[in-house]
Amino acid sequence: MLLFFSSCKKNNFSPDVPVPVGFNHIEMKGELYQRAMKNFDRLETEIYYPENVFPEHHHATSAGWPGDKEGRTILGLVMEARATHRTPKYLDEMIRILPEKLNKKGYLGPVQGDTIDEQQLSGHGWLLRGLCEYYTWKEDPKVESYIKCIIQNLALPTKGHHQNYPIKPEDRISGMGGMSGSSANIVNGWKLSTDVGCDFIFLDGVVQAYSLFPSDSLKSLIAEMISRFLEMDLVRIKAQTHATLTGLRALMRYYEITGNENLLREVEKRYSLYREQAMTENYENYNWFGRPEWTEPCAIVDSYLLAVQLWQYTQSPQFLDDAQLIYYNALGHVQRANGGFGCDNCPGPVDNCLSVKADEAYWCCTMRGGEGLARAIGYSYFLKGDTLFIPAFYESSVSFKIHGNPVSITQHTDYPFDNEVTLHVDSLQNSEKLTICLFVPSWFQTQEVTINQKFVSAQEKNRFLTIPSEVKSGDVIKYSFSMKSGVENIFNAVHSRSGNIRLFYGPLLLGNEGNGDVSVPRNATIEKTGRNSFCIKGTDIKLSPVYHLMESRVSRESGYRKQILFRQDI
């Protein structure tokens, strides 16, 4: 046991907010389950075999990031296994051989010298995250020792250096960087990365380690890193959005531990900045602030997770709107036919069309996609006392307990392609009262609720409809709604070309496959012509969602292009 871990107690912050029911209580089905299982399949192909994950077998695209591919792979497999209840084939072997790959200090890559390599820290942010999630799941004492060793021998020696982390734009070599990132220059004893700000990816792993094994020394390191992160002008330095959003996830994680409301406000402020200046028109991301060159699913996953967590702790429903828009139009576009995740272009500033930039970022995004899909499953049901919140709609079932008594509910839906959600109350003891709250997205026009085919009056608060607590076992609840469709303005007014509009059906962004030269009538009316097909009424303009269920035509080889930004006829 490493002694420094025994000296500190965490704050006992217990906010009165809805909390996820937990992976063990959810059985996901339908399209989200298909996505998760296809990604799981991909994570068990040859490229992710244990012998191919560790440094000596790295492809050039993942070299220079000790701990990164290893950590992301472990993380993706743990999260997918917990969410789908499927046993991973190779995960335990990865954990078994990990000690053989560590250096004499107990971490991956070279032993740090006088110069701190932020890519090595960033990679170990993912290794810590993967190991922490594995420990949370299995409580393996060997994994506990690996986490503590990384903290003691890699993290804590950097204390005092993060306050000098270079955050001036002139410290950076302008315009550099590829999809996998690379080392650039040395400033203030820091070997900097083209993934600007990736030191703060390390922060998320450090905070999660602190949540499990707190210490005063680690708390001091976290305070130093957070202070420097908040000093960074994200726009001026052109920070990488993935590093930024992961840093914000670290702040949110630390807020969950400490209850420091200032952290929550800072997360909100920087998430809003990201949304306004670094999101594409289909809710993906610019890889850097001010550089709309390509997108990265890792950042898209981060933005989705942040949106749900911001709703959880603020109860502001616009964050749930964001989560659904990101899920359907961003994550739902970048998952490829093989289950992996790839990069797109950035429609808005130059191009009206959405296209594929890289078929798969197998060295990072495919694994983080697994975390995103797993969290989407975990975020499908929340509990607060005897109230069940349903913030998103998926074919699924949930079981939990109220006052020690079992409750189970089955949900059937084809949302957002259909306008109905059906809940079957499979078991609920007569003595228990259950309140069900159903989310009302901003694109819902009308809503009605029936129980056993009888209309009930449901009160709306914070855009949730509350179903009366007289629900009993055997009840069938139907939630019906109509959804808005038509023209919406662009939302990234800083970078997207003015005058363009977008077309929606509910949360689904619609596009026209072609060269990007289609204009639409003013006040265009969207007409649904099939489950997944639409048109502009009175024209021959065919539309379909950017969302797809891992279709092979969405690839570089096919020449896929879908126009999502339109001019209106005069």
Side-chain angles (χ1 to χ4, degrees), residues 15 17 167 196-197 200-201 203-204 226-256 259-292 295-331 346-349 372 375 379 391-392 439 441-443 462-463 488-496 498 502 504 507 509:
V17 297
I167 62 173
V196 179
F200 302 106
I201 289 177
L203 176 60
D204 196 28
I226 289 176
S227 177
R228 194 58 167 171
F229 177 74
L230 294 178
E231 290 173 0
M232 187 163 58
D233 187 325
L234 302 171
V235 175
R236 286 190 66 240
I237 201 173
K238 292 183 167 57
Q240 190 206 33
T241 55
H242 172 32
T244 299
L245 293 167
T246 302
L248 293 179
R249 290 257 299 134
L251 266 63
M252 182 64 80
R253 196 184 300 277
Y254 204 51
Y255 165 72
E256 291 175 332
N260 184 339
E261 292 291 333
N262 289 329
L263 292 176
L264 183 60
R265 285 191 290 270
E266 293 293 348
V267 172
E268 281 193 81
K269 183 166 66 176
R270 284 162 177 76
Y271 173 83
S272 295
L273 178 70
Y274 162 76
R275 194 185 189 284
E276 292 165 3
Q277 296 203 26
M279 244 187 192
T280 70
E281 294 296 335
N282 68 308
Y283 307 95
E284 295 186 43
N285 70 302
Y286 300 171
N287 196 52
W288 298 271
F289 279 91
R291 293 178 60 185
T295 70
E296 184 182 8
C298 291
I300 299 167
V301 168
D302 291 327
S303 68
Y304 169 79
L305 301 180
L306 275 172
V308 178
Q309 289 180 298
L310 283 168
W311 162 74
Q312 181 185 5
Y313 290 107
T314 68
Q315 294 296 286
S316 297
Q318 68 266 23
F319 293 121
L320 283 184
D321 282 346
D322 278 4
Q324 288 201 23
L325 292 168
I326 293 164
Y327 176 81
Y328 289 110
N329 303 304
L331 286 174
C346 298
R375 286 299 181 195
Y379 288 159
F439 183 50
S442 60
W443 44 85
N462 291 334
R463 285 215 266 117
E488 295 282 347
N489 292 325
I490 59 171
F491 72 88
N492 190 329
V494 175
H495 295 289
S496 293
S498 62
R502 301 174 298 159
F504 279 85
L509 177 64

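Keep in mind the model is a prediction, meaning the values are calculated, not measured. What's counted below: heavy atoms across the whole structure, side chains too, no hydrogens, waters or symmetry copies.
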Compare every heavy atom of Ile237 with every heavy atom of Met232, then report the nearest pair and how far apart it is. CG-CG2, 4.0 Å

Residue set satisfying ring pair (Phe, Tyr, Trp, His ring centres under 6.0 Å) with Tyr304, at least two apart, ordered chain then number -> none

Within 45° cone and under 6.0 Å: Arg291 NZ/CZ vs Tyr286 ring: no

Taking ring pair (Phe, Tyr, Trp, His ring centres under 6.0 Å) as the test, write out the residues that go with Tyr274, two or more places apart. none

If I take atom CG from residue Leu245 and atom CD1 from residue Ile300, how far apart are they, to the nearest 0.5 angstrom? 10.5 Å

Shortest non-hydrogen contact from Ala278 to Thr241? CB-CG2, 3.7 Å

Between Arg228 and Ile226, is the side-chain contact (heavy atoms from CB on, under 4.5 Å) condition met? List the steps. CA-CA 5 Å; Arg228 194 58 167 171; Ile226 289 176; over 6 Å; no

Less than 6.0 Å separating the ring centroids of Phe319 and Tyr313? no

Set of residues satisfying salt bridge (Lys or Arg N to Asp or Glu O under 4.0 Å) with respect to Glu261, sequence neighbours excluded: none

Could you tell me whether the side chain of Ile326 reaches within less than 4.5 Å of the side chain of Met279, counting heavy atoms only? yes

With sequence neighbours excluded, tell me which residues meet ring pair (Phe, Tyr, Trp, His ring centres under 6.0 Å) with Phe289. none

Let's go through Thr295 and Asn285 carefully: what are the C-alpha distance in whole Å and the side-chain angles of both, what is the deciding distance for side-chain hydrogen bond (donor to acceptor under 3.5 Å, both in side chains) to 0.1 Å, and is it a yes or a no? CA-CA 5 Å; Thr295 70; Asn285 70 302; 4.6 Å; no

Report the C-alpha separation of Tyr255 and Val267 in whole Å, then their side-chain angles, then the decisive distance to 0.1 Å, and conclude whether the side-chain contact (heavy atoms from CB on, under 4.5 Å) test is met. CA-CA 10 Å; Tyr255 165 72; Val267 172; over 6 Å; no

For Glu266, the salt bridge (Lys or Arg N to Asp or Glu O under 4.0 Å) test, sequence neighbours excluded, returns Lys269, Arg270

Residues in side chain to side chain donor-acceptor pair (under 3.5 Å) with Thr246, at least two apart? His242, Asp302

Would a distance-only check, ignoring hydrogens and angles, find a side-chain to backbone donor-acceptor pair under 3.5 Å from Thr314 to Ser316? yes

Leu203, Leu264, Leu306 screened by side-chain contact (heavy atoms from CB on, under 4.5 Å) with Leu251, the one that passes: Leu203

So, are Arg265 and Glu268 salt-bridged, with charged N and O less than 4.0 Å apart? no

Can you find a heavy atom in the side chain of Val196 that is under 4.5 Å from one in the side chain of Lys238? no

Which residues pass the side chain to side chain donor-acceptor pair (under 3.5 Å) test with Asp321, not counting sequence neighbours? Ser442, Arg463

Just how far is it from atom CG of Asn489 to atom OG of Ser496, taken to the nearest 0.5 Å? 11.5 Å

With sequence neighbours excluded, residues passing ring pair (Phe, Tyr, Trp, His ring centres under 6.0 Å) with Phe504: none

Sequence neighbours excluded, which residues qualify as side chain to side chain donor-acceptor pair (under 3.5 Å) partners of Gln309? Arg249, Glu256

Walk me through it: do Tyr327 and Gln324 pass the test side-chain contact (heavy atoms from CB on, under 4.5 Å)? CA-CA 5 Å; Tyr327 176 81; Gln324 288 201 23; 5.6 Å; no

So, using side chain to side chain donor-acceptor pair (under 3.5 Å) as the criterion, who are the partners of Asn282 when residues are at least two apart? Thr280, Glu284

Please say which of Tyr271, Tyr283, Trp311 ends up in a side chain to side chain donor-acceptor pair (under 3.5 Å) with Asp322. Tyr271

Is there a side-chain contact between Gln312 and Leu310, using heavy atoms and a 4.5 Å cut-off? no

Can you tell me how far the NE2 atom of His495 sits from the CD atom of Glu281, to the nearest 0.5 Å? 11.0 Å

Validation row: Tyr379, Pro391 side chains within 4.5 angstrom (heavy atoms): no

Do Phe200 and Thr244 have side chains that approach each other closer than 4.5 Å (heavy atoms only, starting at C-beta)? no

With sequence neighbours excluded, what pairs up with Asp233 under the side-chain contact (heavy atoms from CB on, under 4.5 Å) test? Val235, Arg236

Partner set under side-chain contact (heavy atoms from CB on, under 4.5 Å) for Ser272, not counting sequence neighbours: Glu276

What's the separation between atom CG in Leu234 and atom CG in Leu248, rounded to the nearest 0.5 Å? 7.5 Å

Audit row: Ile167, Glu231, side-chain contact (heavy atoms from CB on, under 4.5 Å) steps and yes/no: CA-CA 8 Å; Ile167 62 173; Glu231 290 173 0; 3.9 Å; yes

